[in-house]
Number of protein chains: 2
Amino acid sequence: MNDDDIFRALGDPTRRAIFEKLATGAMNASALREGMAISQPAMSQHLAVLRNANLVREERQGRFVNYEVDPDGLALIAGWLAKYRAYWPARIDALKDLLKDMDQ
Amino acid sequence: MNDDDIFRALGDPTRRAIFEKLATGAMNASALREGMAISQPAMSQHLAVLRNANLVREERQGRFVNYEVDPDGLALIAGWLAKYRAYWPARIDALKDLLKDMDQ
DNA sequence: GAATCAAATAAGTTTTCACTTATCTATTGG
DNA sequence: CCAATAGATAAGTGAAAACTTATTTGATTC
């Protein structure tokens with residue numbers, strides 16, 4: 001799990017769509033495919049890339065494999081972004097409001 | 001400027017290295033190349049991709065073109081990341097500390 | 001205004017990577 | 001134990017994209 005894997009994984013729009021769909025709730029690979037013009041092997045390969053980047057993690061449940069967002073990958077992006085916080089001072093207030101919301 | 005352009009731009013490790021070097025301070029394309037095994041046209045092409053993603057902006061200064069980090073692109077990443085804030089509650093405290101630092 | 005230097009662009013080549021089809025593995029239920 | 005189903009893997013193909021060399025554009029200085 002490093003910047004390289006993560007940004008490469010998110011660099012593909014299809015993979016980002018998969019991730020974003022997963023973020024609405026954990027589901028298995030078949031459910032992910034629904035309404036998403038993508039073959040079974042392609043989905044499996046994309047999920048492998050996302051998993052390798054720690055953006056997604058799996059949990060086998062019988063014959064199905066359930067996928068969910070892995071916070072570790074997101075944290076790494078947040079860390080990357082934080083390095084450049086000097087460049088967005090104007091956005092600090094918005095971020096503060098965000099954190100206040102999260103407290104409730 | 002959209003998620004696609006940004007993540008595609010950052011998906012390439014060379015381009016991310018260029019961006020990260022630029023984040024240490026604005027400089028022109030030649031200065032960026034120093035110690036960075038990369039040809040002049042390649043650098044120019046990478047900068048064009050970064051510029052197109054609003055991660056970097058240019059300002060011609062005579063014969064040189066000065067490049068600097070563009071906060072707009074970073075803000076878009078922050079926005080993308082914020083959508084998934086539900087997934088990193090454990091990191092809230094760390095982020096708060098970060099904001100406290102920024103106030104000073 | 002010719003020479004020089006920074007950077008961009010054009011065109012072609014090579015490498016990477018997202019796909020395909022085919023096959024295999026794992027798990028369940030009859 | 002066998003048929004069915006979910007998913008992974010293997011191998012090959014085509015397209016995208018990161019490079020190359022050559023040339024062009026823009027600006028400076030002598």
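Lettering follows sequence order; numbering is per chain, from 1. Atom set for the values below is all heavy atoms of this structure, side chains included, hydrogens, waters and symmetry mates excluded.
Taking only side-chain nitrogens and oxygens, B:Asn28 comes nearer than 4.0 Å to OP1 or OP2 of C:dA7.
Comparing B:Arg51 and B:Arg63, the nucleotide of DNA chain C nearest to each residue sits closer to the 5' end for B:Arg63. Positionally, the nearest nucleotide of DNA chain D for A:Phe64 lies more toward the 5' end than for the other of A:Ala48 and A:Phe64.
Between the CG atom of B:Leu47 and the P atom of C:dA6 there is a distance of 15 Å, rounded to whole Å. Atom CD in A:Glu58 sits roughly 12 Å away from atom P in C:dT27 (whole-Å rounding). Distance CD (B:Glu59) to P (C:dA8): 14 Å, rounded to an integer number of Å. One atom, OH of B:Tyr67, and another, C1' of C:dA6, lie 11 Å apart when rounded to the nearest Å. Here C:dA6 presents its C1' atom at 16 Å from CE of B:Met27, a figure rounded to the nearest Å. Remark: P of D:dT9 and CG of A:Asn52 are 12 Å apart, rounded to the nearest angstrom. Between the P atom of D:dA27 and the CG atom of B:Asn66 lies a distance of 15 Å, rounded to the nearest Å. In this structure, B:Ile18 places its CD1 atom 11 Å from P of D:dA18, rounding to the nearest Å.
For residues 38-59 of chain A, every residue pair satisfying the side chain to side chain donor-acceptor pair (under 3.5 Å) rule, not counting sequence neighbours, is listed here: A:Arg15-A:His46, A:Arg51-A:Glu58, A:Arg51-A:Tyr67, A:Arg57-A:Glu68, A:Glu58-A:Tyr67.
Taking 4.5 Å as the limit, some side-chain heavy atom of B:Ile6 sits within range of a side-chain heavy atom of B:Leu10.
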Measure all distances between protein nitrogen or oxygen atoms and nitrogen or oxygen atoms of nucleotides 18-25 of chain C, and list the pairs falling under 3.5 Å.
residue: C:dA18; atom: OP1; partner: A:Arg15; partner atom: NH2; Å: 3.2
residue: C:dA18; atom: OP2; partner: A:Arg8; partner atom: NH2; Å: 3.3
residue: C:dA18; atom: OP2; partner: A:Arg15; partner atom: NH1; Å: 3.0
residue: C:dC19; atom: OP2; partner: A:His46; partner atom: NE2; Å: 2.1
residue: C:dT20; atom: OP2; partner: A:Ser39; partner atom: OG; Å: 2.8
residue: C:dT20; atom: O4; partner: A:Gln45; partner atom: NE2; Å: 3.1

Less than 3.5 Å apart, which donor and acceptor atoms pair up between the side chains of residues 23-33 of chain B and the rest of the protein, not counting sequence neighbours?
residue: B:Thr24; atom: OG1; partner: B:Lys21; partner atom: O; Å: 2.6
residue: B:Asn28; atom: OD1; partner: B:Ser30; partner atom: N; Å: 3.1
residue: B:Asn28; atom: OD1; partner: B:Ala31; partner atom: N; Å: 2.9
residue: B:Arg33; atom: NH1; partner: B:Ile38; partner atom: O; Å: 2.7

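Qualifying side-chain hydrogen bond (donor to acceptor under 3.5 Å, both in side chains) partners for A:Arg16, counting only residues two or more places apart in sequence or in other chains: B:Asp4. In this view, A:Tyr84 and A:Trp80, B:Phe19 satisfy the ring pair (Phe, Tyr, Trp, His ring centres under 6.0 Å) rule, not counting sequence neighbours. B:Asp3 is linked by a salt bridge (Lys or Arg N to Asp or Glu O under 4.0 Å) to nothing, counting only residues two or more places apart in sequence or in another chain.
Using a distance-only test at 3.5 Å, with no hydrogens or angles considered, a donor-acceptor pair links the side chain of B:Arg85 to the main chain of B:Ala82.
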